[in-house]
Amino acid sequence: MNQKAYITTPIYYVNDVPHIGHAYTTIIADTMARYYRLKGYDTFFLTGTDEHGQKIEEAAISRGRTPKEYADEISGKFKALWDEFEISYDKFIRTTDQEHKIGVQKAFSTMFNSGDIYKGEYEGHYCVSCETFFTDTQLIDENLCPDCGKETRIVKEESYFFKLSNYQEKLLKWYSDDEKCVLPKGKKSEVISFVKQGLRDLSITRTSFDWGVKLPDEINDPKHVMYVWLDALLNYITALGYGNDEKNMKYWPATIQLVGKDILRFHAIYWPAFLMSLGLPLPKHIAAHGWWTRNGEKMSKSKGNVVNPKEVADAYGLENFRYFMLREVPFGQDGDFSQKALIDRINSDLSNELGNLLNRIIGMSGKYSDFNISSKDVFDYHKKELTSVMEHIRLAETNLQDMQTNRYLEELWKALTIANQSITVYEPWVKMKEGDKEFAFATVAMVANILAKVSIVLHPVMPKTTQKIAKTLNFEISYDTYKKFIEDDSLLDDFKIEKIPPLFPKVEGELLNSPTPSVKEEIKKEEDSLITIDQFFQTKLKIGTILDATEVPKSKKLLKLRVDLGEEKPRQIVAGIKEFYSAESLLNTQVCVVANLKPAKIMGLVSEGMLLAAKDKEGLSLLRPQDSKKSGSSVG
RNA sequence: GGCAGGGUAGCUCAGCCGGUUAGAGCGCUGGUCUCAUAAGCCGGAGGUCGGGGAUUCGAGUUCCCCCCCUGCUACCA
């Protein structure tokens with residue numbers, strides 16, 4: 001087989017443990033990899049972890065660990081989960097791997113030598129005490145630091161730059177020449193419009209921290225480490241041996257590079273630009289998927305509603321969970337996880353329509369023919385049904401190749417519906433009574449053949465379950481049987497069906513404790529986050545009287561307020577409350593203000609404080625004293 | 001503010017170049033078979049197709065205006 005496929009997931013940043021989003025990306029990628037293997041492609045499937053950068057360095061230090069120790073731990077968690085999920089990766093790359101670092105340096109040299117990298121100066125407003133650069137628009141009153149309010153100065157820091165600006169036209173050409181280079185379409189348009197606005201050269205090295213890949217020796221500039229994104233993106237080729245033993249570079253260019261929608265820009269703009277600079281071909285598809293919400297709400301650690309993929313898989317079955325994620329959501333869209341939806345899918349799609357179908361033919365063949373099934377008359381009696389089934393299967397495959405996993409599964413289930421319908425329409429039990437055994441046997445055999453074909457094409461999603469179905473039908477799923485039953489559309493050889501217990505037992509009720517699987521952890525965190533009274537009083541709260549309120553032009557949410565806090569002059573506070581309060585209604589009313597907040601610049605206006613307010617689904621309410629208090633009264 | 005994509009049955013959505021009674025799945029509901037995991041199958045109810053205007057013999061489908069949602073982007077104070 002000459003055809004090759006290369007599937008990648010992003011390498012996951014080790015600042016967080018695996019959650020459902022990681023699992024989703026990885027499972028889609030795994031499904032695609034398994035699909036290409038099934039079709040006989042020489043397939044390489046890559047995943048791994050991204051371990052460099054300032055954030056990791058800091059996280060490690062705060063835990064009293066070295067960055068490497070810390071990265072080892074989290075990286076290990078990812079790998080362990082994927083192993084437990086039986087993810088069929090061919091390589092698990094870590095950006096701390098020696099080969100990776102060598103490959104990155106090699107790539108840097110190549111880009112440097114081709115003139116795409118130059119040393120320059122990053123010039124900006126620098127706050128010495130915060131050790132941070134700010135852009136013009138972040139600054140307060142022209143030159144004050146938005147974090148600490150101190151004066152900033154203009155400082156130049158050395159940096160190497162990548163001439164991204166040179167690639168603007170080439171990128172646009174790629175987008176327009178290759179229709180499916182970025183999926184889904186909607187996301188592609190966003191990328192194009194971003195590029196059309198103009199690309200700036202990219203600062204690709206840092207001198208402010210250490211935890212990263214050093215520049216190549218010949219450049220001899222040890223202060224610099226590479227910016228994490230350059231380092232990270234190159235993993236897709238260093239994993240194939242780029243810059244080292246390049247025998248696996250035969251897999252390049254990638255067939256599908258899966259990413260979450262948040263990191264699409266890096267993959268659809270920077271990454272192809274780097275590749276062009278390296279003189280390498282561009283990936284066939286960059287595919288961005290959406291997020292998972294939980295019962296309609298965004299998942300977040302603070303809400304404690306993060307779905308732990310392992311707990312779900314343990315409770316409901318790994319392959320059921322895989323089916324659910326791929327079936328429930330159109331690719332690219334956000335999806336909602338709820339136990340109800342998952343249970344519905346399992347009971348309705350899997351138990352009733354798939355599992356039960358197998359049981360139906362086990363039952364009939366047992367009663368009518370001592371479990372013997374023969375395809376010999378199937379074409380004579382049921383050509384029409386089989387033709388229709390094959391149409392659905394072909395469509396299913398097309399959808400899968402376009403990453404439309406939900407439509408792919410929908411089409412397969414249409415084939416199952418044909419099988420279920422046929423049984424009621426042709427009523428084999430009636431045919432048996434009438435003595436038309438041949439017809440009855442043919443109907444049972446047709447259904448067996450439909451099950452065989454569907455289980456093969458479903459195999460990438462549910463590897464083990466479909467293999468069990470295949471076994472009862474006396475074959476094994478492989479490239480050979482894919483070719484025989486799908487490509488060549490042959491029928492099953494005569495066989496004796498093997499009786500097995502139901503594949504998908506019904507789920508009677510929720511198997512995970514509400515409200516969330518990780519609730520215990522959250523409670524612990526809350527305890528950890530208790531503060532002392534002294535800490536509380538670090539926040540100075542005061543009662544203020546609103547002297548003046550005006551709408552901020554061109555802003556949906558902002559009102560500009562002048563608030564008397566009993567100080568020499570009133571404060572200017574910009575608050576996002578326009579949707580809930582009109583400017584007039586606020587005049588001369590009192591509010592509770594955080595008085596010692598660092599000033600911030602919001603839409604070009606300095607805001608010297610924050611109003612306290614409570615917000616829920618109904619809207620937002622300002623916190624106010626019950627009776628009028630003197631401006632500047634303290635709250636506590 | 002700019003750009004893009006949306007607003008169609010209770011829910012999730014499909015409806016291509018304008019053309020007979022607007023579709024699917026889920027949910028709800030009535031019926032029915034018995035091979036099967038009380039599964040399957042058949043039928044039914046349910047829609048001012050965001051609002052208004054225009055073009056047309058005819059518009060969910062084209063054009064204009066407005067409202068609302070989502071995403072990207074911006075700060076032009």
Side-chain angles (χ1 to χ4, degrees), chain A residues 135-142 182 184-198 261-262 264-265 268-269 288 290-291 293 296 298 327-330 332-336 338 340-341 343-369 371 373 404 406-407 409-411 413-414 416-433 440-441 443-444 447-448 451 497 499-508 550 552-558 560 572 574 579 601-607:
Chain A
T135 63
D136 289 352
T137 53
Q138 287 174 301
L139 294 176
I140 297 172
D141 290 349
E142 306 289 302
V182 179
K185 264 194 205 141
K187 293 285 156 201
K188 184 178 167 184
S189 318
E190 285 176 13
V191 169
I192 292 173
S193 72
F194 184 85
V195 173
K196 279 188 176 161
Q197 287 183 40
K261 63 182 182 182
D262 55 325
L264 179 62
R265 185 179 308 164
I269 299 174
W291 295 133
T293 55
K298 206 173 166 185
R327 174 63 185 81
E328 192 70 7
V329 190
Q333 305 227 301
D334 290 350
D336 187 56
S338 71
K340 182 180 183 305
I343 291 170
D344 284 350
R345 286 288 171 207
I346 294 173
N347 287 346
S348 167
D349 297 4
L350 297 177
S351 301
N352 295 349
E353 287 170 42
L354 174 58
N356 186 47
L357 183 61
L358 180 62
N359 273 22
R360 297 179 86 179
I361 59 167
I362 291 175
M364 284 189 280
S365 65
K367 287 187 183 171
Y368 307 154
S369 60
F371 298 106
I373 292 179
Q404 299 285 351
N406 63 322
R407 292 192 179 176
L409 292 168
E410 251 177 76
E411 287 301 324
W413 256 252
K414 283 182 190 166
L416 295 178
T417 297
I418 291 173
N420 275 315
Q421 277 170 336
S422 300
I423 296 175
T424 22
V425 170
Y426 296 113
E427 301 178 300
W429 47 93
V430 172
K431 297 287 187 299
M432 287 302 288
K433 278 182 201 154
F441 291 174
T443 304
V444 174
V447 173
L451 267 171
I497 197 166
K499 200 173 174 184
I500 57 163
L503 286 171
F504 306 101
K506 280 277 176 63
V507 179
E508 300 298 343
T550 51
V552 176
K554 292 184 185 177
S555 158
K556 249 188 295 193
K557 298 181 181 171
L558 299 181
K560 184 174 78 175
Q572 170 169 302
V574 180
E579 292 169 297
K601 196 174 179 184
I602 302 170
M603 280 191 72
L605 299 166
V606 178
S607 182

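Note that this is a predicted model, so its numbers are computed, not measured. Quick note: numbers below take in every heavy atom, side chains included, and nothing from hydrogens, waters or symmetry partners. Letters A, B, ... are given to chains in the order of the sequence lines, protein chains preceding strands, and every chain is numbered from 1.
In terms of phosphate contacts, A/Gln197 brings no side-chain nitrogen or oxygen within less than 4.0 Å of OP1 or OP2 of B/rC72. One finds no side-chain N or O of A/Lys414 lying less than 4.0 angstrom from the OP1 or OP2 phosphate oxygen of B/rA24. When the side-chain nitrogen and oxygen atoms of A/Asn352 are compared with OP1 and OP2 of B/rG40, one or more of them lie within a distance under 4.0 Å. Using a 4.0 Å cut-off, no side-chain N or O of A/Lys261 falls inside it from OP1 or OP2 of B/rG71.
With rounding to whole Å, A/Arg360 atom CZ is found 13 Å from B/rA39 atom P. Atom NZ in A/Lys506 sits roughly 15 Å away from atom P in B/rA36 (whole-Å rounding). Atom NZ of A/Lys185 is separated from atom P of B/rG6 by 10 Å (rounded to the nearest Å). The separation between A/Asp344 atom CG and B/rA39 atom C1' is 15 Å, rounded to whole Å. Straight-line distance from the CG atom of A/Leu416 to the P atom of B/rG25: 15 Å, rounded to whole Å. Taking atom CH2 of residue A/Trp413 and atom P of nucleotide B/rC26, one finds them 13 Å apart after rounding to whole Å. B/rA39 atom P lies 13 Å from atom CG of A/Asn420, rounded to whole Å. In this structure, CE of A/Met364 is placed 9 Å from P of B/rC35, rounded to the nearest angstrom.
Nucleotides B/rU8 and B/rC49 have their C1' atoms positioned 4 Å apart, rounded to a whole Å. The gap from the C1' atom of B/rU32 to that of B/rU20 amounts to 33 Å, rounded to the nearest Å. For B/rA22 and B/rC13, the C1' atoms lie 14 Å apart once the distance is rounded to whole Å. Nucleotides B/rG58 and B/rC72 are separated by 43 Å at their P atoms, to the nearest Å. Across the P atoms, B/rG10 and B/rG47 are found 7 Å apart, a figure rounded to whole Å. When the C1' atom is used for both B/rC16 and B/rG60, the distance is 14 Å, rounded to whole Å. Spacing of P atoms, B/rC67 relative to B/rG30, comes out at 46 Å, to the nearest Å. Separation of the P atoms belonging to B/rG46 and B/rG5 is 35 Å when rounded to the nearest angstrom.
Residue A/Phe504 is classed as a base contact, given a heavy-atom separation below 4.0 Å to a base. Backbone-only engagement by A/Glu427 is indicated by non-hydrogen atom pairs under 4.0 Å involving sugar-phosphate atoms exclusively. Residue-level contact check: A/Lys367 touches the backbone only, with heavy atoms under 4.0 Å from sugar-phosphate atoms and none from bases. Within 4.0 Å of A/Lys187, counting heavy atoms only, lie sugar-phosphate atoms of the nucleic acid but no base atom. Within 4.0 Å of A/Leu503, counting heavy atoms only, lies at least one base atom of the nucleic acid. Using a 4.0 Å heavy-atom cutoff across all strands shown, A/Pro502 reaches at least one base atom of the nucleic acid. Among the heavy atoms of the strands lying under 4.0 Å from A/Gln333 are primed sugar atoms or P, OP1, OP2 only; no base atom is included.
Across all strands shown, B/rA22 forms no Watson-Crick or G-U wobble pair with both key distances under 3.5 Å. With a cut-off of 3.5 Å on both Watson-Crick or G-U wobble distances, the partner of B/rA4 is given as B/rU70. A 3.5 Å limit on both hydrogen-bonding distances identifies B/rG44 as the Watson-Crick or G-U partner of B/rC28.
Picking from B/rC33, B/rC72, B/rA36 the nucleotide with the shortest atom distance to the side chain of A/Glu190 gives B/rC72. Minimum atom distance to the side chain of A/Thr424 is reached by B/rC41, of the listed B/rA36, B/rA4, B/rC41.
Side-chain atoms of A/Ser348 do not come within 3.5 Å of backbone N or O of A/Arg345 as any donor-acceptor pair. In terms of modelled atom types and a separation under 3.5 Å, the side chain of A/Lys187 and the main chain of A/Lys261 share no donor-acceptor contact. Looking only at distances, no side-chain donor or acceptor of A/Asn406 sits under 3.5 Å from a matching main-chain atom of A/Glu328. Under a 3.5 Å cut-off, the side chain of A/Asn347 and the backbone N or O of A/Lys506 do not form any donor-acceptor pair.
Of the options A/Leu358, A/Leu354, A/Asn356, a side-chain contact (heavy atoms from CB on, under 4.5 Å) to A/Phe504 is made by A/Leu354 and by none of the others. The side-chain contact (heavy atoms from CB on, under 4.5 Å) test with A/Arg360 singles out one residue from A/Asn420, A/Val447, A/Leu451, and that residue is A/Asn420.
In this structure, A/Gly186 and A/Leu350 both approach RNA chain B, and ranking their closest nucleotides by distance from the 5' end singles out A/Gly186. Annotation: of the two residues near RNA chain B, A/Leu354 and A/Val425, the 5′-most nearest-nucleotide partner is A/Leu354.
B/rU34 has no stacking from A/Trp429 on its base ring, since the centres under 5.5 angstrom apart and planes within 30 degrees of parallel are not both found.
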Would A/Trp291 and A/Asp262 count as a side chain to side chain contact (heavy atoms under 4.5 Å, CB included) here? Give the steps. CA-CA 9 Å; A/Trp291 295 133; A/Asp262 55 325; 3.1 Å; yes
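Looking at A/Lys414 and A/Glu411, a side-chain N of the basic residue comes within less than 4.0 Å of a carboxylate O on the acidic one, giving a salt bridge.
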